[in-house]
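Take a look at the structure below.
Predicted model only: the values in this text are computed from it and were never measured. Indexing begins at 1, ligand by ligand and atom by atom, following the structure's order.
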Amino acid sequence: MSNAQFQQQINSYRAQVVAPQGLFIGGRVSPAMSGAMLESISPVDGGVLTTIADGGAVDIDRAVTSARQAFERGVWSRTAPAHRKKVLLRFADLIEQHAMELAVLGVRDNGTEINMAYKAEPLSAAATIRYYAEAIDKVYGEIAPTAPQALGLVLREPLGVIGVIVPWNFPLMIGAWKIGPALATGNSVVLKPPEIASLSLLRFAQLANEAGVPDGAFNVVTGRGATAGEALGLHMDVDAIAFTGSGVVGRRLLEYAGRSNLKRIYLELGGKSPNVVFADAPDLKEAAKVSVNGIFRNSGQVCVAGSRLIVQSSIYDRFLDELVAVTGRLKVGDPLDVASDIGAVSSDQQLRKNLEYVARAEEEGGHRLCGGERLHAETGGYYMAPTIFADILPDMTLAREEVFGPILAVMRFDTAEEAVRLANATSYGLAAAAWTSNLSMAHRMIREIKAGVVHVNTYGGADITVPLGGFKQSGFGRDKSLHALDEYTDLKTAWIAL
Ligand code: NAD
């Protein structure tokens, strides 16, 4: 498809009126019991896009009851894997057929630039659903090597009702990482979308239902974290919560589990990921280009963003010049314009938070090389210039705290020991990268940097075949790959006397 055709398709959805949205429980759309609604503000222009139901504890209870009943009836949980595969493949097809509709709706809700959103949201979600659909009739149980007088079978069973709580940066992609393996293994799901980006996930659930996921097997309760999210975390009949979001909320979920039924909690949290560039990187221009993309795509609102750039002293100035030049060519603007490289920051609150980090970095002695300001304020939207701070020291705020915005902290190093020390000088451990032509050095970095993924001579980029998750305070549990199936199933032993 040419750019012009792509833009034409985008335009056909961009002005569509979005009706007020209800909850999706038991295969039906219904209002919150309280009747309360929340405004959904578009970061594209700061206007009200629509309203969503402000679900509360009573709505969460309705959804969990519906999910439990579907699970116990066996209408999904006890169907043949081949049946679930067929339904989920149909679901993946429907997501693809509605890809532009879903992508534009999501962009109007969260401001991600459309080229990225189209691929990372509906298309990647469809690929994820398809991956788990294909996997589920190819995973076997075990026969244990017992003595001949007994037969030990190791079976895998679905857990029951899974609560899924996701953030606003990539709701469909991250949602699918959890919903895919949860549904494929026969569980029922109650999803609590992020309050500022619920729209595409509501449509997603309807498409699942249309594809044949039975009523009650996949429910969506929109609402605030402190009410609907907390109620899901505290519910006595939820078996596990699969969560992606901040460490603050992750800690709360662990408390909720302790105060309720000891449900399992899987946490994919934030990062402050180091991107280490050695002087012998194979191509410094390419390293600069990829590093810029690694921090600024989606306005830095990416959990694995390479937000700490650690550069060897001998190339420090040269590399920074290249970095600033590449950054200067990025076009920040309307996320529904195919010519934009970066769209809007997700909310007014997030924009203010970013600007506070800029002020703080300056107070603490960081050296601003570019950016630092709000852009296009006349549109009413929340746009921010990509920002680079050089000469950041390990104890400065920008070296320690996750901004989740378009702000890069640059640090320098001389030796490999120093690079590793700086890379690991954070409470997080989500992602990292090392750029070097030295194979031994690359392996040393893979071994010594404490992170769930270490890239070599690239930044970002991976697919559904490899796990994603954190070390240290970036959480525990793994999304993606066949390993994710373990989180949604329990092992049961059958011991049979022969
Ligand atoms: P957040 O933690 O504020 O919110 C995440 C979700 O939790 C939302 O749906 C929210 O409504 C809900 N929530 C809020 N309070 C709650 C409560 N008390 N109980 C239950 N649920 C509650 O995070 P955010 O601002 O939406 O997202 C940004 C964060 O997500 C960043 O820290 C980012 O690094 C992280 N993230 C991590 C990954 C990963 O794969 N590791 C991916 C994307 C984003």
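- Heavy-atom contacts of Arg252 reach the following atoms of ligand 1: 18 (N) (cutoff under 4.0 Å).
- Counting the atoms of ligand 1 from 1 in the order shown, those under 4.0 Å from a heavy atom of Leu430 are 41 (N).
- Checking only distances, Trp168 does come within under 3.5 Å of ligand 1, N or O to N or O.
- Here the protein heavy atom with the shortest distance to atom 36 (N) of ligand 1 is Cys303 CB, 3.5 Å.
- Counting heavy atoms only, Gly225 comes closest to atom 19 (N) of ligand 1 of the residues Gly225, Ser273, Gly470.
- Between Lys272 and Glu401 there is no salt bridge, since none of the side-chain N atoms of the basic residue sits less than 4.0 Å from a carboxylate O of the acidic one.
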**OP:** Please lay out, stage by stage, how Cys303 and Leu430 fare under the test side-chain contact (heavy atoms from CB on, under 4.5 Å).
**Re:** CA-CA 8 Å; Cys303 55; Leu430 190 57; 3.7 Å; yes
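- Ion pair Arg14/Asp337 not flagged as a salt bridge, since none of the NZ, NE, NH1 or NH2 atoms sits closer than 4.0 Å to an Asp/Glu carboxylate oxygen.
- Against a heavy-atom cut-off of under 4.0 Å, Val166 is close to the following atoms of ligand 1: 6 (C), 8 (C), 9 (O).
- Gly229 C, 3.2 Å is the protein heavy atom nearest to atom 20 (C) of ligand 1.
- Contact between Phe170 and ligand 1 is absent, with no heavy atom of the residue lying under 4.0 Å from the ligand.
- Geometrically, ligand 1 and Ser474 share no nitrogen or oxygen pair separated by less than 3.5 Å.
- The Phe404 neighbourhood of ligand 1 comprises atoms 28 (C), 31 (C), 33 (C), 34 (O), 44 (C), with distances under 4.0 Å to a heavy atom of that residue.
- Which parts of ligand 1 touch Glu230 is read off a 4.0 Å heavy-atom cut-off, strictly below it: atoms 19 (N), 20 (C).
- Using a cutoff of 4.0 Å between basic side-chain nitrogens and carboxylate oxygens, Arg368 and Asp391 are not scored as salt-bridged.
- Of all protein heavy atoms, the one lying nearest to atom 35 (C) of ligand 1 is Gly245 O, 3.3 Å.
- Using a 4.0 Å cut-off between charged side-chain N and carboxylate O, Lys263 and Asp239 make no salt bridge.
- Annotation: side-chain contact (heavy atoms from CB on, under 4.5 Å) contacts of Asp486 (sequence neighbours excluded): Arg156.
- Each of the atoms 9 (O) of ligand 1 lies under 4.0 Å from some heavy atom of Pro193.
- Distance check on atom 9 (O) of ligand 1: some protein heavy atom falls below the 4.0 Å cut-off.
- One finds the CZ atom of Arg264 at 5.0 Å from the OH atom of Tyr266 (value rounded to the nearest 0.5 Å).
- In this structure, OG1 on Thr244 lies 3.0 Å from NZ on Lys178, to the nearest 0.5 angstrom.
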**OP:** Evaluate the criterion side-chain contact (heavy atoms from CB on, under 4.5 Å) for residue pair Ile60 and His235; output intermediate values, then yes/no.
**Re:** CA-CA 8 Å; Ile60 287 288; His235 203 288; 4.2 Å; yes
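- Scanning the protein for heavy atoms near atom 3 (O) of ligand 1, the closest one is Ser246 OG, 3.8 Å.
- Among protein heavy atoms, the minimum distance from atom 18 (N) of ligand 1 is reached at Tyr256 OH, 2.9 Å.
- For atom 27 (O) of ligand 1, the closest non-hydrogen atom of the protein is Pro167 CB, 3.3 Å.
- Taking every heavy atom of Thr244 and a limit of under 4.0 angstrom, the matching atoms of ligand 1 come to 5 (C), 36 (N), 37 (C), 38 (C), 39 (C), 40 (O), 42 (C), 43 (C), 44 (C).
- Remark: minimum distance from atom 31 (C) of ligand 1 to any protein heavy atom is reached at Glu402 OE1, 3.4 Å.
- Ligand 1 lies nowhere less than 4.0 angstrom from a heavy atom belonging to Gly223.
- When side chains are defined from C-beta on, Thr426 does not count as touching Glu402, because their heavy atoms never get closer than 4.5 Å.
- Contacts between Val304 and ligand 1, counted as non-hydrogen atom pairs separated by less than 4.0 Å, are absent for every part of the residue.
- A salt bridge does not link Glu268 with Lys480: none of the charged nitrogens is closer than 4.0 Å to a carboxylate oxygen.
- Using a 4.0 Å cut-off between heavy atoms, Asp479 makes no contact with ligand 1 at all.
- With salt bridges taken as basic N to acidic carboxylate O contacts below 4.0 Å, none links Arg360 and Glu356.
- Set against the non-hydrogen atoms of Ile174, the atoms of ligand 1 under 4.0 Å away are 42 (C), 43 (C).
- Atom OG of Ser30 and atom CG of Asp59 lie 7.0 Å apart (nearest 0.5 Å).
- Under the side chain to side chain donor-acceptor pair (under 3.5 Å) rule, Ser40 has a single partner from Asp109, Thr51, Thr222, which is Asp109.
- Nearest to atom 11 (O) of ligand 1 among the protein's heavy atoms is Glu195 OE1, 2.5 Å.
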